[in-house]
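Notes follow the structure.
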Amino acid sequence: MAESWEGEVMGGSEKLVVEDGLREMAKKAAWSVSSCKPGNGVTYLRDDNLDTYWQSDGAQPHLVNIQFQKKVKLQVVVLYVDFKLDESYTPSKISIRAGDGFHNLKEIKTVELVKPTGWVCISLSGSDPRETFVNTFMLQIAVLSNHLNGRDTHVRQIKVYGPRPNPIPRQPFQFTSTEFITYSTLR
């Protein structure tokens with residue numbers, strides 16, 4: 001999987017591979033977009049079909065808004081884009097913003113995509129090693145520009161991952177085997 005370091009992502013990965021410690025967080029979120037062509041709406045970002053896509057309609061930036069009912073920890077945003085199929089519709093510069101709502105979004109990451117084909121992984125962690133996730137009510141993905149100066153954009157899938165919670169509350173260690181979990185508390 002192509003990962004973003006500071007600023008630029010090359011390529012992409014045909015297969016989505018995610019760490020075991022992460023889970024998909026956006027299933028229960030409210031999704032909206034700034035615009036869409038008829039028949040290419042926001043539902044196509046979440047349908048798990050790489051042949052469908054969201055297509056924006058109008059002036060840039062093109063926005064995807066993901067709102068959660070409660071504050072969530074987010075660690076990675078993964079997009080499926082395909083320069084070979086979409087050419088000038090493929091995003092080339094993306095900004096990721098987080099906040100409590102539309103009123104206080106702050107940019108946390110800007111990434112340049114260079115002819116990506118496949119799954120592109122964008123880490124939300126900061127430059128400080130202690131900043132491994134973003135704690136937020138809302139995430140906004142803004143397509144700032146497209147390849148070949150294209151106007152509208154195609155994004156085929158978006159997934160958002162956060163850390164998997166510890167299965168045992170108030171337990172500082174994460175036990176992995178059934179035997180350890182059985183003896184993890186005193187009675």
Side-chain angles (χ1 to χ4, degrees), residues 1-2 4 9 12 16 18 22-83 85-113 116 118-126 133-147 149-165:
M1 180 176 317
S4 73
V9 176
L16 178 60
V18 181
L22 298 177
R23 67 178 176 151
E24 224 279 318
M25 301 292 290
K27 292 176 184 171
K28 295 185 178 178
W31 288 69
S32 63
V33 291
S34 56
S35 66
C36 66
K37 292 267 190 200
N40 292 97
V42 68
T43 55
Y44 293 110
L45 288 172
R46 303 287 303 154
D47 68 354
D48 289 325
N49 183 353
L50 301 180
D51 295 326
T52 61
Y53 50 84
W54 160 63
Q55 181 176 342
S56 63
D57 186 18
Q60 291 171 341
H62 305 300
L63 307 174
V64 177
N65 304 303
I66 309 164
Q67 295 175 284
F68 300 91
Q69 289 183 347
K70 60 183 181 177
K71 214 170 214 184
V72 294
K73 294 177 182 177
L74 303 175
Q75 200 166 342
V76 177
V77 172
V78 185
L79 300 112
Y80 191 92
V81 287
D82 195 335
F83 181 76
L85 291 175
D86 299 328
E87 296 177 345
S88 67
Y89 290 96
T90 308
S92 63
K93 188 171 186 180
I94 292 177
S95 167
I96 299 182
R97 305 161 184 167
D100 293 335
F102 289 101
H103 62 283
N104 71 346
L105 290 171
K106 289 194 171 61
E107 187 169 273
I108 55 173
K109 197 71 115 177
T110 302
V111 178
E112 299 262 348
L113 304 175
W119 292 101
V120 176
C121 178
I122 303 168
S123 172
L124 300 180
S125 60
F133 57 83
V134 174
N135 206 14
T136 188
F137 278 104
M138 181 175 177
L139 197 70
Q140 184 179 73
I141 301 166
V143 177
L144 304 177
S145 64
N146 291 330
H147 283 80
N149 295 319
R151 188 177 132 201
D152 293 334
T153 196
H154 286 182
V155 178
R156 293 179 178 269
Q157 292 292 300
I158 297 178
K159 297 194 181 288
V160 182
Y161 292 91
R164 196 173 292 283

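Given the structure is predicted, the values throughout are model-derived calculations rather than measurements. Here, residue 1 is the first one in the sequence, and each next residue gets the next number.
The side-chain heavy atoms of L144 and Q60, taken from C-beta on, include no pair separated by under 4.5 Å. V134 has its side chain out of reach of L139: every pair of non-hydrogen atoms, C-beta onward, lies at least 4.5 Å apart. Contact annotation: the side chain of V155 never approaches that of Y80 to less than 4.5 Å [non-hydrogen atoms, C-beta and beyond]. Q69 places none of its side-chain heavy atoms less than 4.5 Å from the side chain of F137. Looking at heavy atoms from C-beta onward, V120 lies out of side-chain contact with V78 at the 4.5 angstrom threshold. Side-chain contact between V81 and P91: present, with at least one pair of heavy atoms (C-beta onward) separated by less than 4.5 Å. Counting only heavy atoms from C-beta outward, the side chains of D100 and M138 never approach each other to under 4.5 Å. Side-chain contact between S95 and E107: present, with at least one pair of heavy atoms (C-beta onward) separated by less than 4.5 Å.
Between the side chains of T90 and E87, no donor-acceptor pair of N or O atoms lies under 3.5 Å. The closest side-chain donor-acceptor pair between D47 and Q157 falls under 3.5 angstrom. Side chains of N146 and T153: a donor on one and an acceptor on the other come within 3.5 Å.
Taking CD1 of I96 as the start and NZ of K109 as the end, the distance is 8.0 Å to the nearest 0.5 Å. Atom CD1 of I122 and atom CG of L79 lie 5.0 Å apart (nearest 0.5 Å). Atoms CZ and CG, from F133 and L74 in turn, are 10.0 Å apart once rounded to the nearest 0.5 Å. Rounded to the nearest 0.5 Å, atoms OG1 (T136) and CE (M25) are 11.0 Å apart. Going from atom CG of D57 over to atom NZ of K37 covers 4.0 Å, rounded to the nearest 0.5 Å. For the atom pair CZ of R23 and NZ of K159, the computed distance is 15.0 Å after rounding to the nearest 0.5 Å.
In terms of heavy-atom proximity, V76 sits nearest to C121 at CG1-SG, 3.2 Å. Closest approach of A26 and F68 over heavy atoms only: CA-CE2, 4.0 Å. Summarising the geometry of V42 relative to W31, their closest heavy-atom pair is CG2-CB, 3.8 Å, with the distance given to 0.1 Å. Contact record, C36 with V33: CB-CG2, 4.3 Å, taken as the closest heavy-atom pair.
With hydrogens and angles ignored, the 3.5 Å screen pairs no side-chain donor or acceptor of N65 with any backbone N or O of Q140. Judged by distance alone, the side chain of H154 and the main-chain N or O of D82 form no donor-acceptor pair under 3.5 Å. Using a distance-only test at 3.5 Å, with no hydrogens or angles considered, no donor-acceptor pair links the side chain of H62 to the main chain of I141. In this structure, the side chain of R164 engages the main chain of L22 through a donor-acceptor pair within 3.5 Å.
Every residue meeting the salt bridge (charged side-chain N to carboxylate O under 4.0 Å, His left out) condition with E24, not counting sequence neighbours, appears here in chain and number order: R46.
The environment of CG in N149 is sparse: at most 12 heavy-atom neighbours from other residues, nucleotides or ligands sit within 6.0 Å.
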- Message: Go through it in stages, so that I can follow the logic: the residues are L124 and Q75, the test is side chain to side chain contact (heavy atoms under 4.5 Å, CB included), and I'd like the CA-CA distance, side-chain angles, deciding distance and then a yes or no.
- Response: CA-CA 5 Å; L124 300 180; Q75 200 166 342; 5.8 Å; no

- Start with the C-alpha gap between S56 and S35, add the side-chain angles, then the distance that decides, and say whether side chain to side chain donor-acceptor pair (under 3.5 Å) holds. CA-CA 5 Å; S56 63; S35 66; 5.0 Å; no

- List the steps and the verdict of side chain to side chain contact (heavy atoms under 4.5 Å, CB included) for V64 and I158. CA-CA 10 Å; V64 177; I158 297 178; 4.1 Å; yes

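Aromatic rings from W54 and Y44 are positioned such that their centres are separated by 6.0 Å or more.
Taking a cutoff of 4.0 Å between a charged side-chain nitrogen and a carboxylate oxygen, D51 and R156 do not qualify as a salt bridge.
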